[in-house]
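Chain naming here is simple, since letters A, B, ... match the order of the sequence lines and numbering starts at 1 in each.
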Amino acid sequence: MNKPIEPNSFRTGPDEQGMFGIFGGRFVAETLMPLILDLQQHWEEAKTDPDFQAELKSLSTYYAGRPSKLYFAEGLTRHLGGAKIYLKREDLNHTGSHKINNCLGQILLAKRMGKTRIIAETGAGQHGVASATVSARFNLPCVVYMGATDVERQKPNVFRMKLLGAEVNAVTAGHGTLKDAMNEALRDWVTNVHDTYYLIGTAAGPHPYPEMVRDFQAVIGTEAREQIQEQEGRLPDAIIAAVGGGSNAIGLFHPFLDDRDVRIIGVEAGGRGLEGVEHCASMSAGKPGVLHGNRTYLLQDKDGQIIEGHSISAGLDYPGVGPEHSFLRDTKRVEYVPILDDEALDAFQLTTRVEGIIPALESAHAIAHAVKLAPTMDKDQIIIINLSGRGDKDVHTVAKMMGMEM
Amino acid sequence: MTTRIDRRFAKLKDEGRPALVTYFMGGDPDYDTSLRIMKAMPKAGTDVIELGMPFSDPMADGPAIQAAGLRALKSGQTLAKTLQMVRDFRTDDNDTPIVMMGYYNPIYLYGVETFLAEAVEAGVDGLIVVDLPPEMDEELCIPAIRAGINFIRLATPTTDDKRLPKVLENTSGFVYYVSMNGITGSALANTGDVTEAVKRIKSHTDLPICVGFGVKTAEQARVIGASADGVVVGTAIVNAVANVLGPDGRMTADPAEAVATLIGGLAQGVRQARLAHAG
C-alpha cells in the first residue's frame, strides 16, 4: 500500500520545462535565457538530423575509438569470490575517459550554432582535457575554468590542456574546486554570450544540458546492454557507476532504467564520512535546492548557503548532482550509496594489482561498492561497473595518500 | 494596489527627475554597521533601497559583490536576519521602498510562503531574484504578486523585442535594465546604446525603467538618468564599504559615512540629469 506509484517508464523525462519531477528547470539569469532557448532549438533539430548523427558516429568510431569494450574482469571476480564482474572500458576512449562522448556531441552543436569560442569547467581535468581536445580538433579557442585546489592535485591534466592549446584559469574562490569553477564559467558565459559556447561537462545545469549530456553519454549503456547480451546471453543483475555530477552514471543507467530486474546503484563520494561536512554525498545527506541552473539535491546549510564538500577524487568533489539522479533517487529506481576515500583507495590498488588496470579515483568508488556487493551474490550473477576513466592522472594523489615520494 | 515603489516613482515623475536606486549587501561588514548604512541612505539622497541577500554562489556577480556576500555570511548574516534588518529600518522610515535582491536558493529553503508572509509583515516592497527568469514564474513571481510584493525583472541586451513581452508580463514596480551582458561591477556600456535600449523597452511598457550595471560616478548617473527613470548603483557602494575595511576586516573609518558621501554625489548627478534639457 505504501509503495510509491511507479511511472510506466523512467525514461520519458524531462518535460517541456526541463523538469524531471520537481528537479531540473532553467534557473538562470535573463542574459542567458535567450541563448539557452536557442541552444534547445538547435539541439532538438540536431537530434533528428541524420547528418549530425552520422558525423557524431564517425567521430566516435574513428576519433574516440568506440565502441568501448565490455571486459570480463576475471581477476576481480576471482578475488571477490561472488558475482561475475564486467568492466565497461570507458578508460580506453581517446583522452582516457567517458568525457569525450559528450564533448564530441557538443562541439558539433557549437559549430552548428556558429559559436567561435569554447569555455568549460573541470574538476579532475578529464572534461577539461576532452574539451581542449575537441577544440583543438575543430580549431576553436578554448578556456577552461578549474579550481585552484584541483589545478594543484591534477597537474598532469593541466599540462595536457595547455599542450592542447587551451587557456587554463585557476579559480581561487571558495575551496577552489568544481563548484567554484562552474560559477566562474557561468560568469564568463554571461559576459561573452554573443560568441561563446559553454561546454558543460556533466549532466547538470539548466535545461537542456542535463538531457543533452545524458543523450550523448547514453551510448555507454546502449553498448553495454548489447554487449552483455552477446557475451552472456542476458542482462546483468546489477550495474554500478560513480556519481559526481553524474554524467558517466546516467550514461550507463539510462538505457537500463526500464529493465526492472536490473538493480542500479550510483556511488557518491563519502569522503571522510557522512557525519561531518567532509563528503560530497548530496543525495545521501543533502536537501533539494537550486544551484547552477537546476533544482537538485545539494549540500547546504540551514540558511540555504552551499557547503563545500570534500572528496579525494576531484571529479566527485561537487556539492550537487544532475537533476535526473535526484528524480531517480526519489522514485527509488536507483539506489545511491556513499563510499569513503579509504575504500576508494583500496579499490584503486586492488584493481591495479589483480587486473593490471589503473582506474580513475572516480571509477574506483564504483569498484569499491562492487567489492562489498559481489561477495554477497551468486557466482552466476553479473555486475557491470562503469570504468569511466583511467587513473594515470591520480597517481600523485595516491602516492601522497600512501605516504610515498614520487 | 499601489506600493511604496509605485508611489515613489509617481512622486519623482512629478519632480521631473530620475530615481537614485542604491544597492548594499545586508550584513556587510556586520549587522549593526549594515543597518546604519541602510538608515543613512535616504538622508543622503537614495530614493529606492536595494537590500542584497548574501548567497554563497552568486553566479551573476563580480568580485566586489562576491566578496561583500562572503563578508556578510562570515559575520553571521542569514535570510532571517536580512528580514529583521527591514523591520529595524521600518521603525523610523515607512516611505522609502525596499527591494530585496539575491538568489533563489535561500528563499526556496526558507519556504516561499513563509518568506513572503514575513517579507510583507516586515515591510518589503519588491524582490529581484537573479536566477528566476519568466520561465520559472510559478516558483516565486506569481506567489509574490499574490502576496502584494512587486516582482522586478531584469531585462538585458540579449532580451530582444520578441522576448520582451514575456519578460514584462509579470513584472511590476519597475524594470531593471542591465546595461550590458556580464556580471555586476563591469565597465559601463556605451550610453548611446543604453538610451536606445530604454526607448525600446518603453515602447513595450509604462513601468519605470531603471538602469544598472557599471554606474559608479555622479557624472555617469547624470548621463544615464537623462533617459532612464532610475539609476542603480551597487558595486561602487559595496566598494565604499570595502575601502574602509583593513586587511584584518577592522573598520578604519565609518562605512556608513563613506557610503553617505558617495550617495550624496550620486544624488547630485540624478538631480542634474534632466536640467540640460529643461534649459
Can you tell me which portion of [X] sits under 4.5 Å from chain B's heavy atoms? Options are side chain, backbone, both or neither.
X	result
A:Q300	side chain
A:Q17	side chain
A:I307	neither
A:K302	backbone
A:D301	backbone
A:L37	side chain
A:H194	neither
A:P206	neither

Over all atoms of both residues, closest heavy-atom pair of A:V28 and B:P133:
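That closest heavy-atom pairing would be O-CD, 3.2 Å.
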
- Message: Using side-chain contact (heavy atoms from CB on, under 4.5 Å), reason through A:E30 and B:R153 one step at a time and then give a plain yes or no.
- Response: CA-CA 9 Å; A:E30 171 60 25; B:R153 192 104 57 197; 5.5 Å; no

Does the side-chain contact (heavy atoms from CB on, under 4.5 Å) test come out yes or no for A:Q305 and B:D57, once each step is laid out? CA-CA 8 Å; A:Q305 308 298 334; B:D57 293 82; over 6 Å; no

Contacting region of B:I107 [heavy-atom separation from chain A under 4.5 Å] |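 For B:I107, no heavy atom lies under 4.5 Å from chain A.
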
